[in-house]
Amino acid sequence: MALEERYDPRKVEPKWQKFWAEKNLYKTEYDDSRKKFYCLEMFPYPSGRIHMGHVRNYAIGDVIARYKRMRGFNVLHPMGWDAFGLPAENAAIKHGVHPSKWTYENISYMKGQLNKLGLSYDWDREVTTCSPEYYRWNQWFFVKMLEKGLAYRKSSYVNWCPSCQTVLANEQVIDSKCWRCDSIVVQKELFQWFLRITRYAEELLTSCDELAGWPEKVVLMQKNWIGKSFGVEADFRIEDSDENIKIFTTRADTLFGVSFVCLSPPHPLSARLVEDKDELDKITAQYGKADEKMGLFTGRYCINPVNGERVPIYIANFVLMEYGTGAIMSVPAHDQRDFDFAVKYDLPIKQVIMPEEKIVGAGLVPAQQKPQGVPLQAAYEDDGILMDSGKFSGFASTDARETIAKYLQDKGAGRKVVNYKLRDWGISRQRYWGTPIPVIYCDRCGIVPVPEKDLPVILPEDVRFTGKGGSPLLESPSFLDVTCAVCGGKARRETDTMDTFVDSSWYFIRYCFDGKDPGLDSKLKSKSPELGYWMPVDQYIGGVEHAVLHLLYSRFFTRVLRDLGIIGCSEPFTNLLTQGMVIKDGAKMSKSKGNVVDPDYLIERYGSDTSRLFSLFAAPPEKDLDWSDKGVEGAYRFLSRVWNIVSKNLEAMKRVVSDDLSTGDISGLTEEGRSLLRKTHQTVKKVTADIEKEYHFNTAISALMELVNEMTGFEPRDEIGYKVLRAAVEKTLLLLSPFTPHIAEELWEAIGNEPFIPDRGWPSWDEGLAMDEEIELVIQVNGKVRGKLMIPVGLTDDEIKKLALGDRKMVEFLGQGVIRKVIVVKGRLVNVVVG
RNA sequence: GCCGGUGUGGUGGAACUGGCAGACGCGCCGGACUCAAAAUCCGGUUGGGGCAACCCAGUGAGAGUUCGAUUCUCUCCACCGGCACCA
């Protein structure tokens with residue numbers, strides 16, 4: 001086969017893409033006699049076109065998938081579309097295109113882009129979350145969760161994005177702003193569907209420790225998000241009443257310093273205790289606003305259970321209803337927030353903890369001899385020694401927390417409790433383009449789940465997108481009016497749709513089935529061999545922005561499906577790689593910054609092999625990648641050099657085979673030949689190690705560049721010389737193939753091999769051939785390099801020592817003093833300590 | 001504020017378990033080819049000193065441990081990320 005003289009990816013790449021697609025070479029079959037490897041990249045939202053972040057993400061995943069395949073694994077490497085979401089609906093409002101049309105057109109275009117990148121997906125498993133075949137399972141899981149009490153409806157204050165006209169989950173509010181559109185989020189009271197993720201809070205937290213293959217940073221973020229804290233629930237009896245205010249505190253040791261109690265505005269007692277409803281409304285309007293602390297005195301008092309003190313009850317805008325009991329005790333001396341509040345409303349500040357240093361410095365000071373007359377300038381929030389705390393004075397904070405908790409418990413006025421920051425996951429969205437929540441409301445029967453036989457509840461097509469007046473589903477009678485599944489009477493359908501994070505919480509499970517499998521229906525409802533085989537995902541790759549959101553929801557969903565008896569594992573992702581952002585000119589690529597690089601342009605100009613190679617070479621995957629147009633040219637230059645070596649030596653190489661080189665007979669080789677052969681084996685070893693060790697592709701590629709540099713300078717003079725060259729070229733192409741599959745395939749074929757490299761297996765190296773014949777010994781005197789010496793490998797420490805001390809240059813240095821010590825590091829250096 | 005991370009040439013980044021700092025790429029400088037340029041190829045490239053062999057300094061700053069520290073410990077500085085009335 002002839003080879004073009006110049007490397008032209010525009011001719012090479014389409015040829016191989018066509019070859020792979022026509023033979024469906026990346027199709028994966030379930031085969032439990034083989035070792036499996038499930039390699040998954042986060043699927044994209046079909047926004048219209050892919051961006052460089054996708055190129056990087058998918059290039060990383062493709063290298064891993066191809067590498068594992070060459071290592072003999074049965075690799076599952078699927079792709080799909082996170083296809084529900086607001087942009088489609090906004091496009092409908094703005095341009096009058098139906099969200100479905102807009103979405104499917106985008107998918108079609110983006111699929112073409114992914115294929116142009118030469119990614120090794122099994123498209124038969126493609127998942128599109130907006131198709132009824134997919135979202136019917138969201139609905140089925142929802143109904144199951146309803147049965148198990150894991151889905152429920154309640155009225156609560158929720159995060160409302162005025163621009164998106166919908167609620168947001170806590171995880172979707174970033175800095176008080178909407179994660180999608182950056183609008184300021186407000187609090188609004190609404191009836192909402194929730195998934196009881198808190199039921200799994202403890203398990204999600206403790207099994208964090210099993211996530212050994214995740215970046216520690218992400219595990220830590222999950223732990224912090226779940227936010228477990230130990231504390232005490234204490235009862236403050238309301239004066240002239242039988243009722244108690246239950247407060248939650250982690251600082252039972254400060255109970256004697258309580259000077260007031262605060263209720264959250266939505267707390268049920270707030271409305272009962274406050275007489276002036278206008279004032280209560282005012283403070284309720286300020287609920288959740290971070291800027292200023294505001295309070296309202298109820299005129300009522302309650303009794304501190306530890307000392308019987310009478311303390312005023314306030315309503316305070318900063319007290320959260322959703323955490324703890326919705327009521328707090330306020331200790332201004334030891335909590336800065338309470339301190340600020342006390343100063344503002346002129347409430348007493350009573351110090352009950354003193355810093356430990358005072359006591360250490362002056363011996364044990366009785367609590368009565370407290371420091372006098374120095375008012376606190378700020379709250380003292382650290383632990384210390386209790387003072388003015390009755391019989392607990394003199395206790396250390398840590399001990400006092402235990403002892404006081406026990407005291408309250410014995411009195412029946414409190415108990416030890418555990419609290420989590422994690423809240424239940426609100427999934428209702430007041431938008432059209434999402435999974436309909438499969439529930440109907442009947443005047444007689446109340447909330448009725450849609451029976452399984454009526455699933456899926458399909459999104460109606462006959463809707464209008466005006467952008468006003470809430471969800472278009474509210475205006476669709478064909479959707480809205482139903483008969484009750486229980487009594488047959490008139491009923492109304494739920495018009496809220498599900499958060500799209502529901503879709504992505506289990507898509508990795510759906511991939512485990514061949515898209516055309518007719519038995520799918522029963523397989524998703526009970527334990528199937530496919531799920532047992534493929535799950536969990538061995539390697540998951542995506543952006544760190546989902547550290548809590550998607551990754552936490554997926555961990556939750558996997559457990560729910562486990563408890564439904566569908567899946568055997570609890571953790572969905574064994575190993576997680578969070579890739580860095582793509583940066584250009586010091587900022588994340590974005591339209592507004594005008595620093596975007598268009599993948600289409602890049603592929604057209606340099607080819608996808610070059611695009612992939614650069615994004616893998618410029619930085620290790622977990623770090624941010626600094627885009628450089630010059631760097632891309634460098635990658636292209638490198639591939640051209642590989643091409644040129646092959647095209648220059650094509651005919652001579654085709655006449656030889658390289659097989660017998662590894663048997664050890666290298667006596668006929670020149671010095672250069674031996675060197676190249678050694679470098680070849682060293683490179684196979686190095687590239688393998690770099691991929692295995694945390695997927696450091698950048699150093700793997702640099703090793704390949706070194707090998708190619710040596711090949712460029714090598715001039716074979718005889719048959720055995722060409723054998724060496726051919727061996728070097730073949731190994732290079734095999735090693736290169738996960739990174740740049742098209743050019744590898746083209747050159748592989750050109751030198752006379754059968755195409756489809758992935759089936760050839762990963763190359764091996766010969767430890768003997770990889771070994772250096774001699775090494776450079778570094779000679780140090782007192783830790784400074786003073787000389788270098790070439791020595792043969794395999795010498796003993798004593799021999800090395802003798803050689804080093806006998807070196808001509810050493811003699812001068814050693815004249816200066818007495819040798820105190822000689823340290824020999826095998827194969828590296830000798831350090832002579834002279835004093 | 002709390003938690004976590006990072007800091008290495010002009011630049012992106014290398015450096016196994018504490019053992020030659022700066023691999024590889026980019027840029028720059030010099031050379032070859034060319035009427036010339038582009039492309040390509042070859043050589044050089046941490047800073048300072050020296051004709052040179054070499055010498056000195058050097059991984060954000062300062063200390064410490066060690067024969068030896070980019071790597072381990074402590075303090076500080078700068079930047080980045082997460083959380084933030086979570087009681």
Side-chain angles (χ1 to χ4, degrees), chain A residues 6 174-176 215-225 227-229 231 247-251 254 262 264 288-293 316-320 322-331 334-338 340-341 381 419-423 544-545 547-548 580-581 583 613-614 617-620 623-635 637-638 640-641 644 686 689-690 693 696 698-706 708-709 712-713 776-788 809 820-835:
Chain A
R6 251 181 88 89
I174 319 279
D175 277 341
S176 314
E216 281 176 50
K217 178 174 78 162
V218 176
V219 176
L220 195 71
M221 281 167 72
Q222 294 232 343
K223 283 185 180 170
N224 290 341
W225 190 264
K228 184 180 190 177
S229 58
I247 61 95
F248 172 75
T249 181
T250 54
R251 291 297 303 270
T254 65
C262 291
S264 176
K289 290 209 173 149
D291 30 10
E292 203 191 341
K293 288 187 181 36
N317 70 328
F318 67 91
V319 180
L320 303 171
E322 308 292 322
Y323 182 75
T325 58
I328 59 164
M329 65 178 205
S330 290
V331 186
H334 304 294
D335 182 297
Q336 192 56 42
R337 295 160 299 182
D338 299 343
D340 296 342
F341 193 90
E381 298 187 325
N419 252 305
Y420 300 91
K421 286 207 281 187
L422 184 70
R423 316 278 162 77
V544 75
E545 65 271 18
V548 272
M581 288 185 302
I583 304 284
L613 188 70
F614 174 73
F617 174 67
K623 283 188 76 166
D624 284 350
L625 183 155
D626 224 9
W627 194 262
S628 148
D629 294 333
K630 291 287 186 183
V632 177
E633 281 176 32
R637 230 179 342 250
F638 167 70
S640 296
R641 294 232 309 278
N644 293 340
K686 164 93 172 134
D690 284 348
K693 194 195 117 214
H696 277 192
N698 55 331
T699 51
I701 292 166
S702 82
L704 280 162
M705 286 172 168
E706 284 185 58
V708 170
N709 286 346
T712 308
E776 192 183 49
L777 180 75
V778 171
I779 304 167
Q780 295 184 334
V781 176
N782 291 338
K784 287 193 182 202
V785 181
R786 294 299 180 190
K788 288 172 185 182
K809 263 184 247 155
R820 303 216 180 268
K821 206 170 171 185
V822 179
I823 291 140
V824 180
V825 181
K826 247 204 175 44
R828 286 179 203 277
L829 97 174
V830 172
N831 187 17
V832 184
V833 185
V834 178

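Below, read A as the first sequence line, B as the second, and so on, with proteins coming before strands; counting in each chain starts at 1.
Of the candidates A14(B), C67(B), A87(B), C67(B) carries the atom nearest the Ile823(A) side chain, counting heavy atoms from C-beta on. Checked against G13(B), C20(B), C24(B), the side chain of Lys788(A) finds its nearest nucleotide in C20(B). Nearest to the side-chain atoms of Thr699(A) among the listed nucleotides C83(B), G27(B), A14(B) stands A14(B). In this structure, of A15(B), C67(B), C83(B), it is A15(B) that holds the atom nearest to the side chain of Lys693(A).
For Leu625(A) against Ala618(A), the heavy-atom pair with the smallest separation is CG-CB, 4.1 Å. Between Lys788(A) and Glu776(A), the shortest heavy-atom distance links the atoms CD-OE2, 3.7 Å.
Residue pairs meeting the salt bridge (charged side-chain N to carboxylate O under 4.0 Å, His left out) criterion with at least one member in residues 624-634 of chain A: none, sequence neighbours excluded.
Using a 4.0 Å heavy-atom cutoff across all strands shown, Asp624(A) reaches sugar-phosphate atoms only and no base atom. Using a 4.0 Å heavy-atom criterion, one finds that Glu322(A) contacts no nucleic acid atom at all. Heavy atoms of Asp626(A) sit under 4.0 angstrom from primed sugar atoms or phosphate atoms, though from no base atom. Among the atoms of the strands shown, only primed sugar atoms or phosphate atoms (P, OP1, OP2) are found under 4.0 Å from some heavy atom of Val833(A). Within 4.0 Å (heavy atoms only), Leu220(A) reaches sugar-phosphate atoms of the nucleic acid but no base atom. Contact annotation for Lys784(A): backbone-only contact, meaning every heavy-atom pair under 4.0 Å involves sugar-phosphate atoms and none involves a base. Across all strands shown, Ser640(A) has no heavy atoms under 4.0 Å from either base or sugar-phosphate atoms.
For RNA chain B, if you chain together Watson-Crick or G-U pairs that step i with j, i+1 with j-1 and so on, the runs of at least three with distances under 3.5 Å are B:1-7 with B:77-83, B:10-12 with B:24-26, B:27-32 with B:40-45, B:46-49 with B:54-57, B:60-64 with B:72-76.
Whole-Å rounding puts the Arg820(A) CZ to C67(B) P distance at 13 Å. Between Ile328(A) atom CD1 and C85(B) atom C1' there is a gap of 9 Å when expressed in whole angstrom units. Rounded to an integer number of Å, the gap from CZ of Phe617(A) to P of G13(B) is 11 Å. In this structure, Met221(A) atom CE and G82(B) atom P are separated by 7 Å, rounded to whole Å. For Asn644(A) and U40(B), the CG to C1' distance is 9 Å, given to the nearest whole Å. Lys623(A) has its NZ atom 11 Å from the C1' atom of A14(B), to the nearest Å. Atoms CG (Leu613(A)) and P (C26(B)) sit 11 Å apart, rounded to a whole Å. Protein atom CD1 of Ile583(A) is 18 Å distant from nucleotide atom C1' of C26(B), rounded to whole Å.
Nearest-nucleotide positions on RNA chain B for Gly227(A) and Arg6(A) put Arg6(A) closer to the 5' end. In this structure, Leu829(A) and Gly713(A) both approach RNA chain B, and ranking their closest nucleotides by distance from the 5' end singles out Leu829(A).
Residue-to-nucleotide contacts include no donor-acceptor pair under 3.5 Å from the side chain of Lys821(A) to the base of C67(B). Counting distance only, with no hydrogens placed and no angle test, the side-chain atoms of Arg828(A) and the base atoms of C16(B) include a donor-acceptor pair under 3.5 Å.
Taking the six-membered ring for Trp, Phe638(A) and Phe617(A) have ring centres at least 6.0 Å apart.
Nucleotide G81(B) carries an anti base; the chi torsion (O4'-C1'-N9-C4 or O4'-C1'-N1-C2) is more than 90° from 0.
The side chain of Asn698(A) places an N or O atom within less than 4.0 Å of a non-bridging phosphate oxygen (OP1 or OP2) of A14(B). For Asn709(A), a side-chain nitrogen or oxygen approaches OP1 or OP2 of G25(B) to under 4.0 Å. Side-chain N/O atoms of Ser628(A) include none lying less than 4.0 angstrom from OP1 or OP2 on U11(B). For Arg641(A), no side-chain nitrogen or oxygen approaches OP1 or OP2 of C42(B) to under 4.0 Å.
Across the C1' atoms, C20(B) and G25(B) are found 22 Å apart, a figure rounded to whole Å. Comparing U11(B) with A61(B), their P atoms are spaced 15 Å from each other, to the whole Å.
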